[in-house]
Amino acid sequence: MTTRAEPGDDQSDPGLSAIMSERRQLINLGYRLLGSLADAEDVVQEAYARWYAMSAREQQAIESPGAWLMTVASRICLNLLGSARARRETYVGDWIPEPLPEPAEWITGRSGAGGTDPADRVTLDESVTMAFLVVLDAMTPAERVAFVLHDVFRYPFGEVAEVVGRTPAACRQLASSARRRIRSAQSPAGPSAGQAGIVRQFRTAWEAKDIDALISLLDPDATATADGGGLAVTHLHPIVGREQIARAYAEIARVSGDRTTFLECTVNGLPGLVTRQDGNLSTVFAFEIVDDRIRNIWAVRNPEKLRPWRIR
């Protein structure tokens, strides 16, 4: 990111380096709160713009610039989350958080980017798995911000209250409500290596259009959700039930024929799949696997959400 220097500023000033070192933390915050890398980057740009809009005297009066930036970014995210609910009403089909590839291979993808910048990576852990982000997306904006700031970033409730605009006690209740949502929606997952084996079996069965094999890998109440955003052809409503999913996916493989290739990859820190059609990236698949069965499949086809994958 390029910043505008004020007259007389020394670009070698260690204070500038300290401010810019907060970028990765801010990107991590924005992605967890918004579920969108593009939106997270915009939030970070806006937070830095507000910092550099202040005079040198105003900047020097701030005891912790990093904490100031996190607070500002959190408030911007809170406002965006409120407006996002209205935007979702006109979104075509289901909205799925933007998937991220392996962090060691991910770059921002902005024009002119060249090579991986460690400061621009999102740290992948259990708080950015697709299953986790989907639960976060179902929360109210205040719940989501209170939970992420306190439980993920370890901010005390007194500081969370300054962001959310409620009392510390109210923020404690918001975070508690969010935890209950997560506990009720998620079940313990198996080791990543075991999940990779199941995803590999799913890929093999899918390529073979083997409906019985697909059914055996799916939970009886499995759900497959797709996000095309009106920009890519896909099913508009979730497919529920393993038999229905197996038949639908076998039909997808039949229709696409030899034009489609299936590749194993890491999606938000867990085993997933990517499909390429006629050599071009078409879909990223994330899975939730519980008790050695696939419980949820999230298929992201909206090209606007696949930018980080196309530049790998």
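Nothing here was measured: the structure is a model prediction, and the numbers come from that model.
Connection of V43 to Y52 is established within a shared hydrophobic cluster, with ILVMFWY side chains joined at heavy-atom distances below 4.5 Å, either directly or through further cluster members. Linking Ile, Leu, Val, Met, Phe, Trp and Tyr whenever their side-chain heavy atoms come within less than 4.5 Å leaves W95 and L136 in two separate clusters. In the hydrophobic clustering of this structure, L34 groups with F132; members are Ile, Leu, Val, Met, Phe, Trp, Tyr whose side-chain heavy atoms approach within less than 4.5 Å, directly or through other members. Hydrophobic clustering places L78 together with I27 (ILVMFWY residues linked when any side-chain heavy atoms are closer than 4.5 Å, directly or through intermediates). Criterion: ILVMFWY side-chain heavy atoms under 4.5 Å apart, direct or through other members. Under it, V284 and L231 are not part of a common hydrophobic cluster.
Looking only at side-chain heavy atoms (C-beta outward), R50 and M54 stay at 4.5 Å or farther from each other. Between I182 and M139, the closest side-chain pair of non-hydrogen atoms falls below 4.5 Å. Side-chain atoms of H150 and C171, non-hydrogen and from C-beta on, never get closer than 4.5 Å to each other. For the pair I211/R247, a side-chain contact is recorded, criterion being any heavy-atom separation below 4.5 Å from C-beta on. Considering only heavy atoms from C-beta on, P308 comes within 4.5 Å of L37 through its side chain. The side-chain heavy atoms of P101 and V267, taken from C-beta on, include no pair separated by under 4.5 Å. The closest side-chain heavy-atom distance from R200 to E264 is below 4.5 Å. For the pair L100/Y31, a side-chain contact is recorded, criterion being any heavy-atom separation below 4.5 Å from C-beta on.
Checked for salt-bridge contact, E41 and R307 meet the test: a charged N lies under 4.0 Å from a carboxylate O. The existence of a salt bridge linking R88 and D137 is confirmed by a sub-4.0 Å separation between a basic side-chain nitrogen and an acidic carboxylate oxygen. A salt bridge does not link K209 to E251: none of the charged nitrogens lies less than 4.0 Å from a carboxylate oxygen.
Taking CD from Q201 and CD1 from I294, the interatomic distance works out to 9.0 Å, rounded to the nearest 0.5 Å. In this structure, S282 OG and W309 CH2 are separated by 12.0 Å, a value rounded to the nearest 0.5 Å. One finds the CD atom of E98 at 10.0 Å from the CD atom of E304 (value rounded to the nearest 0.5 Å). Taken to the nearest 0.5 Å, the CD1 atom of I245 stands 11.5 Å off from the CG atom of L217. Residue R75 holds its CZ atom at 14.5 Å from CG of L80, rounded to the nearest 0.5 Å. Distance check, rounded to the nearest 0.5 Å: CD1 of I62 to CH2 of W68 gives 5.5 Å.
In summary, the aromatic rings of F262 and W206 are positioned with their centroids under 6.0 Å apart. Aromatic rings from F202 and F287 are positioned such that their centres are separated by under 6.0 Å.
The closest side-chain donor-acceptor pair between S176 and R180 falls under 3.5 angstrom. When only modelled atom types and interatomic distance are considered, T260 and T275 share no side-chain donor-acceptor pair under 3.5 Å. T261 and R276 share no donor-acceptor pair across their side chains, judged by distance under 3.5 Å alone. There is a side-chain donor-acceptor pair under 3.5 Å between Y91 and D227. Side chains of E102 and T266: a donor-acceptor N/O pair is present below 3.5 angstrom, by distance only. Between the side chains of R301 and T234, not a single donor N or O lies within less than 3.5 Å of an accepting N or O.
Listed here is the closest heavy atom pair of P99 and N268: CA-OD1, 3.3 Å. The two residues G272 and V199 make their nearest non-hydrogen contact at O-CG1, 3.8 Å. Between A205 and A213 the shortest heavy-atom distance is CB-CB, 3.6 Å. The minimum heavy-atom distance linking N302 with G229 is given by the pair ND2-CA, 3.8 Å. The two residues C77 and L33 have their closest heavy-atom pair at CB-CD1, 3.6 Å. Scanning both residues, L174 and A146, for their nearest heavy atoms gives CB-CB, 3.9 Å.
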Requested in this report: Report the C-alpha distance between M130 and I96 in whole Å, list the side-chain angles of each, state the deciding distance to 0.1 Å, and finish with yes or no for side-chain contact (heavy atoms from CB on, under 4.5 Å).
Outcome: CA-CA 9 Å; M130 191 61 72; I96 297 175; 3.8 Å; yes
Query raised in the report: How far apart are the C-alpha atoms of E22 and Y48, what are their side-chain angles, what is the distance that settles it, and do they pass the side-chain contact (heavy atoms from CB on, under 4.5 Å) test?
Result: CA-CA 10 Å; E22 297 295 330; Y48 276 116; 4.0 Å; yes
Report task. Verify side-chain contact (heavy atoms from CB on, under 4.5 Å) between V300 and T283, making sure each step is shown before the conclusion. Result -> CA-CA 6 Å; V300 180; T283 315; 5.8 Å; no
Query raised in the report: Can S83 and R87 be said to form a side-chain hydrogen bond (donor to acceptor under 3.5 Å, both in side chains), step by step?
Result: CA-CA 7 Å; S83 61; R87 295 199 305 270; 3.1 Å; yes
Query raised in the report: Between V274 and F285, is a side-chain contact (heavy atoms from CB on, under 4.5 Å) present by the stated rule, with each step listed?
Result: CA-CA 6 Å; V274 163; F285 295 87; over 6 Å; no
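Checking side-chain atoms of R181 against main-chain N and O of A138 turns up a donor-acceptor pair under 3.5 Å. Here the side chain of E58 pairs a donor or acceptor atom with the backbone of S55 at under 3.5 angstrom. One N or O on the side chain of R144 and one on the backbone of R32 form a donor-acceptor pair closer than 3.5 Å. Side-chain N or O atoms of Q60 include none that pairs as donor or acceptor with a backbone N or O of R57 at under 3.5 Å. The closest donor-acceptor contact from the side chain of S256 to the backbone of I252 lies under 3.5 Å.
Just one residue in the list D219, T223, L218 forms a side chain to side chain contact (heavy atoms under 4.5 Å, CB included) with D221, and that residue is D219.
The neighbour count for E243 CD, taken as heavy atoms of other residues, nucleotides or ligands under 6.0 Å away, is above 12. The 12-atom threshold is not exceeded at CZ of R166, counting heavy atoms of other residues, nucleotides or ligands nearer than 6.0 Å.
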